[in-house]
Amino acid sequence: MVTVTGIGSWPGQDVRMALGAVSDDLAGVGEEGLVGLPYLPELPARGPGSDLVGRSAHLLVDLPIDLQPQGWRLVDRPGLDATRTASLWGQDLDQLVEVFDGFEGELKLQVAGPWTLASETWLPLGDRVLSDAGAIRDVSASLAAGVAEHIQAVGRLLPRASVVLQLDEPSLPRVLRGQVPSASGYRRLPAPDPEDASSVVGSVLRAAHDAGAVMTALHCCATRPPMRVMREAMTGVFSAGGSGRRALSVDTTGLDTRAWEGLATSVEAGIGLWAGALPTDAPSHPGQPSAYREHHDALIARWHDVGLPASRLADLTVTPTCGLAGLSPDRARAVTRDTVDLGRAVAETAAS
């Protein structure tokens with residue numbers, strides 16, 4: 001069954017309207033060989049606390065955080081920014097329950113990963129969390145506990161839904177290449193060992209599985225995603241006794257042959273692929289066909305180039321290449337519908 005979904009971010013400040021659009025365009029998709037995966041949208045236009053880092057850092061257990069001139073910083077006690085973030089989360093969950101009341105199916109949540117948080121948050125009196133190995137361990141453990149609580153809370157609110165977790169790691173490539181600057185800007189913070197990097201990510205994914213997530217997806221939107229570290233993070237979850245489905249989520253439109261070969265290795269190892277195959281600037285106009293056919297043909301060509309069988313296309317999840325927050329609401333809906341059309345074309349190819 002081919003699945004279609006979005007990355008997570010959405011334009012505007014009205015979460016009720018965003019949830020309605022996601023519900024209309026994805027929750028209702030259910031046809032031969034195709035299913036939609038709706039999600040709780042993120043609306044960064046609402047300001048601090050709605051951004052990926054602040055929103056996710058609010059889930060940290062026993063590690064208060066507040067917004068300061070450098071960015072989100074660990075503090076002794078929550079401040080006004082933390083209170084505002086909590087209020088936004090409360091609004092989101094209240095509206096989620098209203099729009100998806102009685103929903104039976106899979107529902108996706110998105111959270112920043114531990115390395116993105118470590119590189120984008122700051123110690124109480126010092127550099128980035130990434131500069132301190134002990135702080136990294138504390139943040140990753142706190143995030144794992146917070147993600148578990150978040151999944152269980154949504155499960156209680158929507159008991160008929162099955163939760164899918166997407167862990168976003170946009171900063172992971174810079175972290176692994178040692179490109180994150182220190183507070184002074186005169187040096188770069190050292191890169192972690194790749195094995196340690198995958199283990200830290202795997203600990204959060206494992207907590208999500210243990211909390212009841214039926215699937216986890218590790219997302220990185222970089223043009224050169226660290227495929228090996230991402231794959232080993234997923235593999236580590238299952239070798240440690242984890243259960244459920246797993247997937248890597250990447251922008252496939254700009255990947256070179258080596259990256260595609262890495263994806264093929266992952267697929268052959270039983271890790272699913274969420275293919276970011278539809279650019280958000282792809283043309284789409286009322287009454288005219290979208291450009292999804294062109295992107296379908298490109299995706300299928302690369303799939304066959306690396307020797308993957310057509311039968312495995314039925315396990316694919318199709319997404320836009322990135323979030324939709326930079327678009328207008330109408331354009332975001334058009335991209336979502338084009339993604340559904342692209343997924344439908346992939347399903348037809350898989351069945352042929």
Side-chain angles (χ1 to χ4, degrees), residues 1-11 18 21-30 33-42 52 105-113 163-170 215-223 225 227 230 234 245-255 259-260 263 266-267 271-282 284 290-300 302-303 312-327 331-347 349-350:
M1 183 78 72
V2 174
T3 302
V4 289
T5 191
I7 296 301
S9 67
W10 195 268
V22 168
S23 176
D24 291 344
D25 295 337
L26 292 175
V29 176
L34 185 69
V35 65
L37 173 60
Y39 54 93
L40 175 59
E42 304 161 349
L52 176 64
E106 295 186 349
L107 175 73
K108 181 167 71 73
L109 308 174
Q110 305 84 220
V111 175
V163 175
V164 173
L165 180 78
Q166 175 184 306
L167 197 66
D168 287 320
E169 282 285 20
M215 183 177 192
T216 54
L218 179 56
H219 173 243
C220 182
C221 52
T223 54
M227 214 71 72
M230 294 173 69
M234 282 290 178
R245 288 141 46 219
R246 52 190 172 156
L248 299 182
S249 174
V250 296
D251 174 356
T252 57
T253 60
L255 297 184
W260 263 104
L263 283 179
S266 300
V267 171
I271 300 172
L273 172 61
W274 288 18
L278 184 77
T280 56
D281 59 355
S284 179
S290 75
Y292 77 85
R293 177 59 63 179
E294 170 192 346
H295 300 295
H296 162 270
D297 294 345
L299 175 62
I300 300 304
R302 298 311 300 267
W303 186 269
R312 297 296 297 272
L313 284 169
D315 301 323
L316 199 64
T317 293
V318 178
T319 76
T321 54
C322 58
L324 306 178
L327 307 179
R331 181 70 189 126
R333 294 201 70 169
V335 170
T336 302
R337 291 165 180 166
D338 287 349
T339 304
V340 173
D341 287 341
L342 175 53
R344 184 176 293 113
V346 171
T349 300

Colleague: Say you draw a straight line from CZ of R312 to CG of L273; how long is it, rounded to the nearest 0.5 Å?
Modeller: 10.5 Å
Colleague: Within the 4.5 Å heavy-atom criterion, are R245 and E106 side-chain neighbours or not?
Modeller: yes
Colleague: Find the distance between CD1 (I7) and CG (D168) and round it off to the nearest 0.5 Å.
Modeller: 7.5 Å
Colleague: So L313 and L316, do their side chains get closer than 4.5 Å, heavy atoms only?
Modeller: yes
Colleague: Distance check, rounded to the nearest 0.5 Å: M230 atom CE versus L263 atom CG?
Modeller: 8.5 Å
Colleague: Sequence neighbours excluded, which residues qualify as salt bridge (Lys or Arg N to Asp or Glu O under 4.0 Å) partners of D25?
Modeller: R333, R337
Colleague: Search all heavy atoms of P225 against all heavy atoms of L255 and return the closest pair with its distance.
Modeller: CD-CD2, 3.7 Å
Colleague: Go through L278 and T321 one step at a time and tell me if the side-chain contact (heavy atoms from CB on, under 4.5 Å) criterion holds.
Modeller: CA-CA 6 Å; L278 184 77; T321 54; 5.7 Å; no
Colleague: Show the nearest heavy-atom pair for residues A314 and A350, with the distance to one decimal.
Modeller: N-CB, 3.7 Å
Colleague: Quick one, W10 and T336 - any side-chain contact, counting heavy atoms below 4.5 Å?
Modeller: yes
Colleague: Considering non-hydrogen atoms only, spot the tightest contact between A277 and P279 and give its length.
Modeller: O-CD, 3.5 Å
Colleague: Is there a donor-acceptor pair closer than 3.5 Å between any side-chain N or O of K108 and the backbone N or O of G6?
Modeller: yes
Colleague: Grab the two heavy atoms, one from M215 and one from A247, that are nearest each other, plus how far apart they are.
Modeller: CE-CB, 3.5 Å
Colleague: Taking the side chain as C-beta and beyond, is there a heavy-atom pair between L218 and W274 under 4.5 Å?
Modeller: no
Colleague: With rounding to the nearest 0.5 Å, note down the distance linking CG in L248 to OG in S266.
Modeller: 4.5 Å
Colleague: Verify side-chain contact (heavy atoms from CB on, under 4.5 Å) between V29 and V35, making sure each step is shown before the conclusion.
Modeller: CA-CA 5 Å; V29 176; V35 65; 5.7 Å; no
Colleague: So, the side chain of Q166 versus the backbone of T216: is there a donor-acceptor pair under 3.5 Å, distance only?
Modeller: no
Colleague: To the nearest 0.5 Å, what is the distance between CG (L34) and OG1 (T3)?
Modeller: 7.5 Å
Colleague: Within this structure, what is the NE2-CG distance for the pair H219 and D251, rounded to the nearest 0.5 Å?
Modeller: 8.0 Å
Colleague: Compare all side-chain heavy atoms of T252 with those of W260 and state whether any distance is below 4.5 angstrom.
Modeller: yes
Colleague: Given P320, which partner from the list L327, T339, L342 fulfils the side chain to side chain contact (heavy atoms under 4.5 Å, CB included) test?
Modeller: T339
Colleague: Between S9 (side chain only) and L324 (backbone N and O only), is there a donor and an acceptor less than 3.5 Å apart?
Modeller: yes
Colleague: Measuring only between side-chain heavy atoms, which start at C-beta, is T319 closer than 4.5 Å to V4?
Modeller: no
Colleague: Check whether any side-chain heavy atom of V164 sits under 4.5 Å from a side-chain heavy atom of L109, and report yes or no.
Modeller: no
Colleague: When you check the side-chain N and O atoms of H296 and T349, is any donor under 3.5 Å from an acceptor?
Modeller: yes
Colleague: Determine whether a donor-acceptor pair (N or O, by modelled atom type, separation under 3.5 Å) exists between the side chain of T5 and the backbone of L37.
Modeller: yes
Colleague: Are any of the side-chain heavy atoms of L165 and V111 separated by less than 4.5 Å?
Modeller: yes
